[in-house]
Amino acid sequence: ILPFVSVNQILLLLLVLTVCAILYNKVHQVPSALKNETVDLESPEEMEEEIPVVICAAAGRMGAAVAAISSIYSNTEANVLFYIVGLKTTIPHIRKWIENSKLKEIKFKVVEFNPMVLKGKIRQDASRPELLQPLNFVRFYLPLLIQKHEKVIYLDDDIIVQGDIQELYDTKLAPGHAAAFSDDCDLPSTHEMVRSVGMQNTYMGFLDYRKQAIRDLGISPSTCSFNPGVIVANMTEWKHQRITKQLEKWMQRNVEENLYSSTLGGGVATSPMLIVFHGKYSTINPMWHIRHLGWSPDTRYSEHFLQEAKLLHWNGRYKPWDYPSVHTDLWESWFIPDPSGKFKLTRPDS
């Protein structure tokens, strides 16, 4: 009897050990699916949301786009993807400039803009012909140029960024709003600048209220305007509201009826946006669009104020790569010389 009991005990012990071994493996073994996930996990940078930034590279002022990109890239750890928009003739130049300078590390795509989309939509009677350049209207066609992003930043080329672009990207857009802009009445510190150079900051400065079509809009001429040189846009809302079609409609009406003009307070790209987005846009933090630096070669902001600013905009005639202009040192610190030597800064001693 004893040997029989001993055999049973041994078998029972072996059974218990086997069960324990199976349970141990179940608990401690990494499932094959999880192993695959671990191997395939993206790096933190790849998992980070891409921030698409659209900037135009125009002939004759390509250094502006380079300085803007340089300032953005140098002041953020965010995963920025630059969409550099140009015409067919200018694209090779900007590509070589980037690839043969310290900007070769940036993530970018070059997008060709076809100016034929503007045919019949622009009056050729502006006092500032540079405002009629095709790339000035790229902002109207963002969904056609940028396909895969829900949220996009558009920036004029005559800017530099001193803050982290992530902050601008995080701008909250209210439900139903396709874009966020900076109000022209939003920052008390800029009011003195606006008054001193006689600048308009209301709809009266952009639209011709003598025209019935403008009066029929029911918009008060004293309504504060906004500046579309810095835009945070929601592409889903933009497409849903057919913003591009609405803008084109007002461009065509201007060709027929001369409803606004760059001889008034602003450029021909601003006026249709003021109409289409009236009462239907969110606002950008005022410090993310300090503008009018290019409006006068004599009027300056305080250095302390400019140091606090997140984004500086030389809108106006007096650009920081030309002479005369103001606060050029702030802009030039981000400029990267053209390896081909084609683009040169204009300075009093040059």
Side-chain angles (χ1 to χ4, degrees), residues 49-56 68 71-72 75-76 78-83 85 136-190 194 201-203 206 219 223-247 250 266-267 269-292 308-313 315:
E49 185 176 10
E50 262 183 352
I51 297 179
V53 176
V54 179
I55 295 182
C56 294
S71 69
I72 295 165
N75 285 305
T76 188
N79 183 20
V80 179
L81 173 59
F82 292 98
Y83 284 86
V85 186
N136 205 29
F137 299 92
V138 161
R139 70 198 90 194
F140 290 11
Y141 297 94
L142 292 177
L144 302 181
L145 299 168
I146 314 301
Q147 302 292 337
K148 65 173 185 171
H149 300 282
E150 169 75 9
K151 198 175 186 182
V152 172
I153 294 173
Y154 167 88
L155 299 174
D156 275 354
D157 61 354
D158 50 355
I159 63 100
I160 60 161
V161 171
Q162 302 185 134
D164 187 340
I165 199 73
Q166 181 76 53
E167 290 179 29
L168 181 61
Y169 185 74
D170 289 340
T171 298
K172 300 287 188 228
L173 273 68
H177 286 178
F181 307 99
S182 291
D183 277 326
D184 282 332
C185 311
D186 61 7
L187 198 59
S189 307
T190 65
V194 170
N201 61 358
T202 65
Y203 273 54
F206 297 85
I219 302 172
T223 301
C224 188
S225 53
F226 59 79
N227 186 298
V230 177
I231 307 172
V232 181
N234 179 312
M235 293 294 92
T236 301
E237 278 296 334
W238 192 292
K239 288 181 279 192
H240 176 69
Q241 297 179 32
R242 298 169 62 85
I243 296 293
T244 297
K245 287 293 182 190
Q246 291 189 60
L247 292 167
W250 283 102
T270 300
S271 301
M273 298 196 86
L274 290 177
I275 295 171
V276 171
F277 284 101
H278 174 252
K280 294 183 291 187
Y281 66 92
S282 299
T283 53
I284 290 169
N285 178 335
M287 297 305 287
W288 268 101
H289 195 176
I290 301 303
R291 47 208 177 277
H292 314 317
E308 297 295 315
K310 305 287 189 177
L311 182 149
L312 304 178
H313 187 185
N315 59 311

Distance, nearest 0.5 Å, that separates [atom1] of [X] from [atom2] of [Y]:
{"X": "Ile159", "Y": "Trp288", "atom1": "CD1", "atom2": "CH2", "result": "9.0 Å"}
{"X": "Thr236", "Y": "Gln241", "atom1": "OG1", "atom2": "CD", "result": "11.0 Å"}
{"X": "Gln166", "Y": "Asn79", "atom1": "CD", "atom2": "CG", "result": "9.5 Å"}
{"X": "Ile55", "Y": "Leu155", "atom1": "CD1", "atom2": "CG", "result": "5.0 Å"}
{"X": "Ile275", "Y": "Phe206", "atom1": "CD1", "atom2": "CZ", "result": "12.0 Å"}
{"X": "Ile153", "Y": "Tyr83", "atom1": "CD1", "atom2": "OH", "result": "13.0 Å"}

What's the shortest heavy-atom distance between [X] and [Y], and which atoms?
{"X": "Met273", "Y": "Phe226", "answer": "O-CZ, 3.4 Å"}
{"X": "Val152", "Y": "His149", "answer": "CG2-CB, 4.0 Å"}
{"X": "Ala309", "Y": "Ile290", "answer": "CB-CG1, 3.5 Å"}
{"X": "Phe277", "Y": "Ala179", "answer": "CE2-CB, 3.8 Å"}
{"X": "Leu173", "Y": "Ala180", "answer": "CD1-CB, 4.1 Å"}
{"X": "Ile51", "Y": "Ala78", "answer": "CD1-CB, 3.7 Å"}

**OP:** Output, in order, the C-alpha distance, side-chain angles, deciding distance and verdict of side chain to side chain contact (heavy atoms under 4.5 Å, CB included) for Val230 and Arg291.
**Re:** CA-CA 10 Å; Val230 177; Arg291 47 208 177 277; over 6 Å; no

Close side-chain approach of [X] and [Y], heavy atoms under 4.5 Å:
{"X": "Asn227", "Y": "Phe181", "answer": "no"}
{"X": "Asn285", "Y": "Thr171", "answer": "no"}
{"X": "His292", "Y": "Asn315", "answer": "yes"}
{"X": "Val161", "Y": "Leu168", "answer": "no"}
{"X": "Val138", "Y": "Leu145", "answer": "yes"}

Distance-only, no hydrogens or angles: does the [X] side chain make a donor-acceptor pair with backbone N or O of [Y] under 3.5 Å?
{"X": "Tyr203", "Y": "Leu274", "result": "yes"}
{"X": "Glu237", "Y": "His177", "result": "no"}
{"X": "Arg139", "Y": "Tyr154", "result": "no"}
{"X": "Asp156", "Y": "Asp158", "result": "no"}
{"X": "Ser282", "Y": "Ala174", "result": "yes"}
{"X": "Ser182", "Y": "Pro286", "result": "no"}

Subject >> Audit row: Asn201, Ser225, side-chain hydrogen bond (donor to acceptor under 3.5 Å, both in side chains) steps and yes/no >> reply: CA-CA 5 Å; Asn201 61 358; Ser225 53; 5.8 Å; no

Original post:
How are the rings of His313 and His289 set relative to one another: parallel (under 30°), tilted (30 to 60°) or perpendicular (over 60°)?
Top reply: parallel

Original post:
How would you list all residue pairs meeting salt bridge (charged side-chain N to carboxylate O under 4.0 Å, His left out) that involve residues 146-155, not counting sequence neighbours?
Top reply: Glu50-Lys148

**OP:** Go through the side-chain N and O atoms of Tyr281 and Asp183 and say whether any donor and acceptor fall under 3.5 Å apart.
**Re:**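 Per modelled atom types, Tyr281 and Asp183 side chains form a pair under 3.5 Å.
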
